[in-house]
Amino acid sequence: MMAVPLSVLEVAMVQTDTDPVDTLRDTTAVARKIEALGFRRLWYAEHHHSPAIGAFPPVVLIAHAAAATSSVRLGSGGVLAPNHAPIMLAEQFGTLAALHPDRIDLGIGRGPGTLHEPTARALRRGAGPVTDDEYRADLTATLEYLVDEVVLGALPEPWLLVSSPAGAALAAALGLPAAFAHHIRPDNTTAAIDRYRTDFKPSRWCPGPRVLLCVETVCAATREEADRLAGPMNVVKAALLQGRGDLAFPTPAQAAEHPFTDEERKALAGFRAQQAYGTPETVRQRLTRLVEATGADELMLVTPVYGVEDRLRSYELVAP
């Protein structure tokens, strides 16, 4: 058993040869299974204009999952501040927290959630990328609206999504618990966590540093099966390395035939070495080492594999 709580980040992969509505329907089964397995939280990510990931608003998925479950914490991992008016975020998550007390997390991030520039501009109503000052102002306003304007009783638990030392410094300055995107930028993890702990200022939201580490995790009965399941996401990552977000999520068979370049193979191997893939024993050892190396208070597993059954089986093999 892991020494820290385990949670799940659901990115709702839309698989080749399926419709997005099938992925959407699967979210109910996933939420119920995650709760039954004893995971602490289930978060949903915001994405747009991607054939591989469903553009399902986290606030809607949270509400739907909350109605289908009774105890697992539910939240966003995250909603993206540049795409939303602060008062709307406060109203939406304040309402969720009032309807489901002590179960709602408000995880906030900065990116647009898309590599497609016209979509990013549409989300911002034509505006360009936010500056550091604008991002901080939006975060501060959202937190203030939660306390001062949305007076519904229970409040959601706010988290800041972090992938760099600069993001860590902002989480520390605002006194927020921090969710570190080790599954996206693992090379930044150590420096970001160190900065967060060094600069942290207590707040009404959090008395001391609190670290959640998100790790890409693919677990199967054998190493070979785990490698097969990881294949489709490797193809998507290879496209992202080229700045492309237009690739569909392939089947494992299609991924096995994909012609990776030597440079892509090297980059993928380097990424893989910092995540958790393999048999249950290997995965648990890797997760344990990450906790020891980072001092994380909680781990969040993201498992982008083809087929909901294989994804749930991976969670079963690593469950608390």
Side-chain angles (χ1 to χ4, degrees), residues 1-11 13 29-45 71-75 77 105 107 159 161-163 177-190 192-194 197 209-234 237 252 268-320:
M1 179 172 290
M2 291 296 303
V4 300
L6 297 180
S7 296
V8 167
L9 173 64
E10 179 70 356
V11 293
M13 306 304 295
V30 171
R32 288 173 173 159
K33 186 66 172 181
I34 292 306
E35 179 174 78
L37 289 172
F39 287 91
R40 172 175 283 187
R41 310 173 198 274
L42 174 60
W43 284 2
Y44 299 99
S71 60
V72 65
R73 292 193 67 92
L74 298 158
D105 300 327
W159 289 76
L161 275 62
V162 174
S163 62
F180 289 84
H182 185 78
H183 67 301
I184 297 176
R185 293 183 178 173
D187 292 339
N188 286 348
T189 297
T190 299
I193 290 178
D194 288 347
R197 290 200 174 106
R210 189 174 171 195
V211 171
L212 180 151
L213 193 70
C214 189
V215 184
E216 189 165 301
T217 305
V218 179
C219 190
T222 66
R223 186 188 67 184
E224 292 75 16
E225 177 63 6
D227 289 344
R228 186 185 74 85
L229 294 176
M233 192 58 189
N234 287 337
K237 285 195 186 83
L268 290 169
F271 176 85
R272 178 192 177 97
Q274 300 182 77
Q275 308 299 318
Y277 301 80
T279 64
E281 180 180 4
T282 299
V283 166
R284 287 182 177 275
Q285 288 175 349
R286 181 58 187 156
L287 294 175
T288 297
R289 287 198 295 270
L290 282 170
V291 170
E292 292 171 349
T294 63
D297 302 294
E298 185 172 341
L299 294 177
M300 179 165 277
L301 314 183
V302 57
T303 304
V305 303
Y306 190 98
V308 67
E309 295 84 3
D310 286 328
R311 188 160 76 255
L312 290 179
R313 180 56 179 159
S314 180
Y315 290 138
E316 286 178 351
L317 293 172
V318 193

Original post:
Are side-chain heavy atoms of Arg286 and Thr217 found at a separation under 4.5 Å?
Top reply: no
Original post:
Closest heavy-atom contact between Ser314 and Cys219?
Top reply: OG-N, 2.9 Å
Original post:
Do Leu213 and Val4 have side chains that get closer than 4.5 Å, going by heavy atoms?
Top reply: no
Subject >> Arg313 and Glu316 ion-paired at < 4.0 Å >> reply: yes
**OP:** To the nearest 0.5 angstrom, please state how far the OG1 atom of Thr189 sits from the CG atom of Asp187.
**Re:** 8.0 Å
**OP:** For Pro5 and Glu298, work out which heavy atoms get closest and say how close.
**Re:** O-CG, 3.4 Å
Original post:
Is Glu292 salt-bridged to Arg289, going by a charged N under 4.0 Å from an acidic O?
Top reply: no
Original post:
Above 12 or not: heavy atoms from other molecules or residues under 6.0 Å from CZ of Arg185?
Top reply: no
**OP:** Could you grab the distance from atom NZ of Lys237 to atom CZ of Arg272, nearest 0.5 Å is fine?
**Re:** 9.5 Å
Subject >> Spatial distance of atom CZ (Phe180) from atom CG (Asn188) [nearest 0.5 Å] >> reply: 10.5 Å
Original post:
Which distance, rounded to the nearest 0.5 Å, do you find between the CD of Gln275 and the CG of Leu268?
Top reply: 11.5 Å
**OP:** Give the minimum heavy-atom separation between Gln274 and Gly270, together with the two atoms involved.
**Re:** NE2-O, 3.4 Å
Subject >> Val302/Met233 under side-chain contact (heavy atoms from CB on, under 4.5 Å): CA gap, chis, key distance, verdict >> reply: CA-CA 11 Å; Val302 57; Met233 192 58 189; over 6 Å; no
Original post:
Is any side-chain heavy atom of Leu9 closer than 4.5 Å to a side-chain heavy atom of Cys214?
Top reply: yes
Original post:
Given Trp43 and Met300, is the side-chain contact (heavy atoms from CB on, under 4.5 Å) satisfied, shown in steps?
Top reply: CA-CA 9 Å; Trp43 284 2; Met300 179 165 277; 3.4 Å; yes
Original post:
Does any N or O in the side chain of Arg284 come within less than 3.5 Å of the main-chain N or O of Val318, such that one atom is a donor and the other an acceptor?
Top reply: yes
Original post:
Do Arg210 and Asp297 meet the salt-bridge criterion of a basic N to acidic O distance under 4.0 Å?
Top reply: no
**OP:** Can you see which heavy atom on Tyr315 is nearest to which on Leu301, and at what distance?
**Re:** OH-O, 4.0 Å
Original post:
Taking it one step at a time, do Ile184 and Ser163 satisfy side-chain contact (heavy atoms from CB on, under 4.5 Å)?
Top reply: CA-CA 7 Å; Ile184 297 176; Ser163 62; 5.5 Å; no
Subject >> Arg40/Asp105 ion pair, N-O < 4.0 Å >> reply: no
**OP:** Evaluate the side-chain proximity of Val8 to Val30: yes if any heavy-atom separation is below 4.5 Å, no if none is.
**Re:** no
Original post:
If you measure from CG on Asp227 to OG1 on Thr222, what distance do you get to the nearest 0.5 Å?
Top reply: 8.0 Å
Original post:
Hey, what do you get for CZ (Arg32) to CG (Leu37), rounding to the nearest 0.5 Å?
Top reply: 14.5 Å
Subject >> From Val211, Val291, Leu212, residue fulfilling side-chain contact (heavy atoms from CB on, under 4.5 Å) relative to Leu299 >> reply: Val291
**OP:** Identify the heavy atoms of Gly77 and Leu161 that sit nearest to each other, and give their distance.
**Re:** C-CD2, 3.3 Å
Original post:
Taking all atoms of both residues into account, what is the closest heavy-atom pair of Leu6 and Ala319, and its distance?
Top reply: CD1-C, 4.4 Å
Original post:
Are side-chain heavy atoms of Glu216 and His182 found at a separation under 4.5 Å?
Top reply: no
